[in-house]
Structures are given as C-alpha cells and as structure tokens.
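So the structure is just underneath, and the comments pick up after that.
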Amino acid sequence: MVAIEAVRGDITEEHVDAVVTAANESLLGGGGVDGAVHRAAGPRLAQAGSAIGPCPPGDAMATPSFDLDPPVRHIVHTVGPVWEGGDQGEAEILASCYRHSLQVADELDVRSIAFPAIATGVHGFPADQAARIAVTTLRSTPTRIEQIRLVAFDHDTYEILAVALRR
Ligand code: APR
C-alpha cells in the first residue's frame with residue numbers, strides 16, 4: 001500500500017523519483033512552486049513544456065527533470081483549478097490533478113513522488129478543502145507508487161495536511 005506523508009520544505013529539494021509542479025496551461029513556467037521548479041530544472045524545462053503543452057486544467061503531463069539533482073528523473077506538470085467560489089467544478093478538477101499525476105507517474109515507473117499543495121496559492125483554493133481532496137484522491141487511486149510526499153512550503157499548510165492525513 002502507498003505511504004503518504006506530509007513534510008515541510010522546498011519541493012525542489014525532495015529526494016524522489018518525480019516532482020509535481022502546479023503549472024499554468026502553457027507549461028512555460030510561472031511563479032510560486034512552478035517558478036521554483038523551473039529555476040531548479042533550468043531553461044530546457046520550458047522548452048520541453050512548450051513542446052507538449054498546452055495542458056488543460058485537471059490534466060497532467062511529464063517532462064524530464066533536466067538540472068534537478070538525482071534521484072529526481074521526472075517532472076509532472078499539472079494545472080489546478082482557479083477558485084471561483086466552489087461551484088465551478090473546482091473540487092473535481094483538483095481531484096483530477098492528483099489522479100492524473102499519479103497515472104502519468106505510474107506510466108514512467110515512478111516509485112516515489114512529491115506533490116505541492118496544488119491550487120492553494122495563486123489559484124486561491126481553500127487549503128483545508130484542498131488537503132482533504134488531495135488525501136482522499138491519493139488514497140483511492142490505484143497506483144504502483146510506494147511513497148507520496150505532500151510538501152508544504154509553510155507551517156499552516158503543513159498543519160492542514162497533517163490533519164487531513166489523520167482523518
Ligand atoms: N516548494 C513547495 N511548495 C511551494 C514552493 C516550493 N518551492 N513554492 C510555493 N509553494 C507552495 C505555495 O506556498 C502554495 O501552498 O505551493 C502551493 C501552490 O501555490 P502556487 O505555486 O501559487 O500554485 P497554484 O495556486 O496552483 O497556482 C498556479 O501560479 O505561478 C503560477 O504558473 C503557475 O499559473 C500557475 C499558478
């Protein structure tokens with residue numbers, strides 16, 4: 001069974017096979033976690049993103065990890081929903097991000113993966129609801145992945161993820 005844990009830190013420093021980034025549809029790079037991932041992976045990441053993008057909300061696409069240090073081999077780009085109050089299918093799109101990211105990683109034979117708190121920054125998704133969706137979706141999606149790390153950049157997000165994992 002997959003082990004899911006919450007950790008606090010910078011996702012670009014995770015020792016996992018694949019790192020997920022909360023991208024925009026262009027896959028050319030942005031701010032927040034996506035900016036950090038693109039800075040760490042180098043300019044070839046945007047080139048690779050432009051070659052496979054655009055990526056619609058709720059979907060996920062993989063590229064190599066370029067300049068990120070091993071063991072990271074893959075970057076999974078997923079596009080979260082923009083929060084518009086909750087009645088525009090945001091929850092379903094966010095669940096789809098986690099589900100598709102796992103599916104893409106499975107196809108690449110990934111054994112360990114790190115997720116940021118998708119959509120909870122610039123996109124404005126409430127962090128507690130997002131954490132519940134993340135945990136529920138990851139637990140219910142069949143996968144060969146053995147280790148999932150939910151990486152919180154700040155203390156509040158870490159606490160929220162820890163609570164969601166204890167449910
Ligand atoms: N490591 C881990 N988490 C991080 C990091 C990092 N280095 N940097 C930021 N975060 C956290 C934020 O604190 C937030 O909890 O990632 C979470 C998601 O925030 P955003 O990066 O703003 O992502 P999102 O809300 O999905 O918005 C995506 O922002 O920059 C653009 O290109 C991106 O358009 C897309 C949008």
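- Remark: the backbone N or O of F153 is not paired with any side-chain donor or acceptor of T157 at under 3.5 angstrom.
- Using modelled atom types, no side-chain atom of T141 and backbone atom of L138 make a donor-acceptor pair closer than 3.5 Å.
- Remark: E14 CD to L68 CG distance equals 11.5 Å, nearest 0.5 Å.
- Taking CD1 of I145 as the start and CG of L102 as the end, the distance is 4.5 Å to the nearest 0.5 Å.
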Take V163 and R166, measure what side-chain contact (heavy atoms from CB on, under 4.5 Å) needs, and give me the verdict at the end. CA-CA 5 Å; V163 167; R166 282 199 293 270; 3.6 Å; yes

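- Distance check: H38 NE2 to I75 CD1 gives 7.0 Å after rounding to the nearest 0.5 Å.
- Between the side chain of S96 and the main chain of E92, no donor-acceptor pair closer than 3.5 Å is present.
- In this structure, F66 is not a member of the same hydrophobic cluster as M61, with clusters built from ILVMFWY side-chain heavy atoms closer than 4.5 Å.
- For the atom pair CD1 of I93 and NE2 of H123, the computed distance is 10.5 Å after rounding to the nearest 0.5 Å.
- Residues W83 and L94 are not in side-chain contact: their nearest non-hydrogen atoms beyond the backbone lie 4.5 Å or more apart.
- Among residue pairs with one or both ends in residues 106-126, those qualifying as salt bridge (Lys or Arg N to Asp or Glu O under 4.0 Å) are D109-R111, D109-R144, R111-E146; sequence neighbours excluded.
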From CA spacing to verdict: side-chain contact (heavy atoms from CB on, under 4.5 Å), I4, L150: CA-CA 7 Å; I4 308 176; L150 302 178; 3.9 Å; yes

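- The backbone N or O of G58 lies less than 3.5 Å from a partner atom in the side chain of H100, making a donor-acceptor pair.
- Checking side-chain atoms of D67 against main-chain N and O of A40 turns up no donor-acceptor pair under 3.5 Å.
- A donor-acceptor contact under 3.5 angstrom links the side chains of H77 and T63, judged on distance only.
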Worked check of side-chain contact (heavy atoms from CB on, under 4.5 Å) between V135 and R167: CA-CA 9 Å; V135 170; R167 279 169 188 266; over 6 Å; no

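- Between the side chain of T78 and the main chain of D59, a donor-acceptor pair closer than 3.5 Å is present.
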Run the side-chain contact (heavy atoms from CB on, under 4.5 Å) check on D17 and I113 step by step: do they pass? CA-CA 6 Å; D17 296 335; I113 189 166; over 6 Å; no

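- In terms of modelled atom types and a separation under 3.5 Å, the side chain of R149 and the main chain of S112 share no donor-acceptor contact.
- Distance check, rounded to the nearest 0.5 Å: CG of D156 to CZ of R8 gives 8.5 Å.
- A donor-acceptor pair is defined here as one N or O able to donate and one able to accept, closer than 3.5 Å; no such pair exists between the side chain of T136 and the backbone of I133.
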